[in-house]
Number of protein chains: 2
Amino acid sequence: MEDREISRAVIGRLPRYYRYLGELLDEGVERISSSDLSKKMHVTASQIRQDLNNFGGFGQQGYGYNVKYLHTEIGKILGLSHTHNIIIIGAGNLGQALANYGGFEKSGFILKGIFDVNPRLEGVTIRGIPIRRMDELRSFIRHHEIEIAALTIPKSKAVEVADILVEGGIQGIWNFAHTDLILPENVIVESVHLADSLLKLSYNISSYNHESEK
Amino acid sequence: MEDREISRAVIGRLPRYYRYLGELLDEGVERISSSDLSKKMHVTASQIRQDLNNFGGFGQQGYGYNVKYLHTEIGKILGLSHTHNIIIIGAGNLGQALANYGGFEKSGFILKGIFDVNPRLEGVTIRGIPIRRMDELRSFIRHHEIEIAALTIPKSKAVEVADILVEGGIQGIWNFAHTDLILPENVIVESVHLADSLLKLSYNISSYNHESEK
DNA sequence: TAGATTGTTAATCGATTAACAATC
DNA sequence: TAGATTGTTAATCGATTAACAATC
């Protein structure tokens with residue numbers, strides 16, 4: 001409890017470090033200095049060192065960082081040293097896209113179930129996983145030790161379903177619904193607001209065009 | 001050119017303001033004070049006023065903000081006063097999910113074309129829009145005045161396709177590939193890194209659990 | 001050992017919050 | 001007019017960058 005809180009900004013950058021280190025690993029690079037990494041990632045070397053030192057001293061003076069070691073350590077920090085059971089709620093296009101994407105499994109996120117409000121989808125399978133009815137949801141979470149639920153349903157249903165998830169004891173919600181979820185602090189919410197993202201793009205395009213008009 | 005640059009943090013919050021104002025509008029709310037809005041959105045009233053005043057004085061002392069007016073004005077700032085032609089590149093699950101989602105159209109993002117590297121998909125239609133071959137891409141952008149391309153292809157192809165888009169004169173890329181795109185500054189990139197987002201969720205869950213262990 | 005590069009402290013910069021005069 | 005609430009300046013807080021001693 002006495003470790004200084006890690007700032008959001010730092011946490012937001014961790015997955016990106018992890019990704020670049022993974023690529024270096026694939027390329028067979030053995031070690032890298034904060035300075036070289038900073039050039040690759042377009043950030044300052046100072047920031048890299050500061051960020052990493054929030055979690056410990058992973059480097060060595062005069063040498064830099066061992067890529068494999070640092071990759072593993074950041075993986076541990078991100079919680080990848082054990083697997084995470086996940087479910088998807090909402091078997092629409094986006095839910096199916098997530099279900100069909102195999103990439104998450106490689107990082108240890110195991111898809112255990114898919115749920116949908118439409119009872120007619122019951123039993124239909126995606127990648128061998130049957131779609132279940134919502135009334136099974138609460139007990140399913142408990143019995144299968146589900147940690148994370150991806151919420152790919154319209155915002156009209158999102159709050160209601162989120163409440164069921166909370167009651168079921170879910171630990172994290174990956175929220176794709178176009179709404180913010182206000183939940184007890186023991187349930188972590190990570191939202192992906194696609195519409196917001198597109199608007200940001202739109203703003204930046206407009207603003208660039210106005211700039212260059214002058 | 002002499003307007004002070006708007007900070008990223010502010011830009012990142014604009015779509016959220018827009019969203020909340022849209023909801024208030026739907027609820028028939030006519031006016032709102034920064035203080036009331038701050039309670040709804042869980043931010044400080046001061047921040048709301050500061051953010052808005054980057055773009056102009058939209059409120060009125062003693063009254064607050066007119067919801068409809070402010071919503072419209074933020075819409076203009078976000079570039080929603082005209083429509084945007086978009087294409088989707090990559091007709092996989094995610095590309096199809098985006099194509100099938102009608103919500104963007106309502107904000108003026110008009111899907112004009114879908115492209116895929118797999119020639120066998122040529123002619124297959126999604127919501128009435130035929131999938132095209134990649135070799136049509138460059139000329140299609142020019143002839144249909146495409147502003148934005150959503151890139152829903154694997155990272156192995158992303159850089160190569162992005163280069164074609166740039167040559168074609170695209171203005172913005174909505175990047176879903178699991179890689180960063182380094183492009184000329186006249187092409188705006190907005191990335192949605194789903195894997196990074198999931199890792200952040202994973203981190204926050206782990207970190208919360210470690211906290212409460214103590 | 002000399003050179004390289006970290007870990008970490010100090011300086012700077014920017015963003016958020018607080019306060020309040022202006023004004024509807 | 002009195003009350004409410006903005007627009008805006010000033011104060012605070014936090015995050016980023018710079019610098020350098022420690023050390024491999």
Side-chain angles (χ1 to χ4, degrees), chain A residues 2-17 20-21 24 29-74 77 200 203-204 207, chain B residues 2-17 20-21 24 29-74 77 200 203-204 207:
Chain A
E2 223 23 330
D3 335 57
R4 64 256 157 278
E5 192 75 20
I6 309 293
S7 84
R8 285 195 162 224
V10 173
I11 297 164
R13 287 190 291 265
L14 283 181
R16 190 156 176 268
Y17 291 133
Y20 274 83
L21 289 163
L24 288 167
V29 177
E30 202 171 89
R31 68 190 185 92
I32 192 158
S33 68
S34 58
S35 160
D36 286 352
L37 188 56
S38 82
K39 278 165 207 146
K40 257 190 128 61
M41 296 186 64
H42 297 91
V43 296
T44 64
S46 208
Q47 180 165 77
I48 294 174
R49 296 204 298 279
Q50 285 278 27
D51 283 355
L52 297 179
N53 277 98
N54 279 295
F55 303 96
F58 301 119
Q60 198 168 84
Q61 284 96 331
Y63 172 89
Y65 299 88
N66 178 288
V67 172
K68 188 169 183 181
Y69 173 70
L70 185 55
H71 183 257
T72 308
E73 289 303 310
I74 296 182
I77 293 165
K200 229 195 301 177
Y203 171 87
N204 284 124
S207 135
Chain B
E2 225 19 332
D3 335 57
R4 63 252 158 282
E5 192 76 19
I6 309 292
S7 84
R8 286 196 161 222
V10 173
I11 297 164
R13 286 190 291 263
L14 282 181
R16 192 157 175 267
Y17 291 133
Y20 274 84
L21 288 163
L24 288 167
V29 177
E30 202 172 88
R31 68 191 183 92
I32 192 159
S33 67
S34 58
S35 159
D36 286 351
L37 188 56
S38 82
K39 277 164 207 147
K40 256 189 127 61
M41 295 186 65
H42 296 92
V43 296
T44 64
S46 208
Q47 180 165 77
I48 293 174
R49 296 204 299 277
Q50 285 278 29
D51 283 355
L52 296 179
N53 277 98
N54 280 293
F55 303 97
F58 301 118
Q60 199 169 83
Q61 283 96 330
Y63 172 88
Y65 299 87
N66 177 288
V67 172
K68 189 170 184 180
Y69 173 70
L70 186 56
H71 183 257
T72 307
E73 288 304 309
I74 297 182
I77 293 165
K200 229 196 299 177
Y203 171 87
N204 284 124
S207 136

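Each chain gets a letter, A, B and so on, in the order the sequences are listed, and its residues count up from 1.
Each of C:dT16, D:dG7, D:dT16 was ranked by its minimum atom distance to the side chain of A:A9; first place goes to D:dT16. Which of D:dT9, D:dT17, C:dC24 sits closest to the side chain of A:Q50 comes down to D:dT17.
A pairwise comparison of heavy atoms in B:A45 and B:S38 identifies N-CB, 3.4 Å as the closest pair. The two residues B:L14 and B:I74 make their nearest non-hydrogen contact at O-CG2, 4.0 Å. Residues A:G12 and B:K200 share a closest heavy-atom pair of CA-CD, 4.2 Å. Considering every non-hydrogen atom in both B:L52 and B:F58, the closest pair reads O-CE1, 3.7 Å.
What separates CZ of A:R31 from C1' of C:dT6 is a distance of 12 Å, to the nearest Å. Rounded to an integer number of Å, the gap from NE2 of B:H42 to P of C:dT17 is 14 Å. Here the P atom of nucleotide C:dA22 and the CD atom of B:Q60 are 18 Å apart, to the nearest Å. What separates CD of A:Q47 from P of D:dG14 is a distance of 18 Å, to the nearest Å.
OP1 and OP2 of D:dT16 both lie 4.0 Å or more from every side-chain N or O belonging to B:R8. For the pair B:R13 and C:dT16, the criterion of a side-chain N or O lying under 4.0 Å from OP1 or OP2 is met. Contact annotation: A:Y65 side-chain N/O to C:dA4 OP1/OP2 distance is not under 4.0 Å. Contact between the side-chain N/O atoms of A:R49 and the OP1/OP2 oxygens of C:dT6 is found at a separation under 4.0 Å.
With the nearest nucleotide of DNA chain C identified for both B:V10 and A:S46, A:S46 has the one nearer the 5' end.
Of all nucleotides present, only D:dA4 satisfies the Watson-Crick or G-U wobble test against C:dT23, with each distance under 3.5 Å. Across all strands shown, D:dT17 forms a Watson-Crick or G-U wobble pair with C:dA10, both key distances being under 3.5 Å.
Using a 4.0 Å heavy-atom criterion, one finds that A:T44 contacts the sugar-phosphate atoms exclusively.
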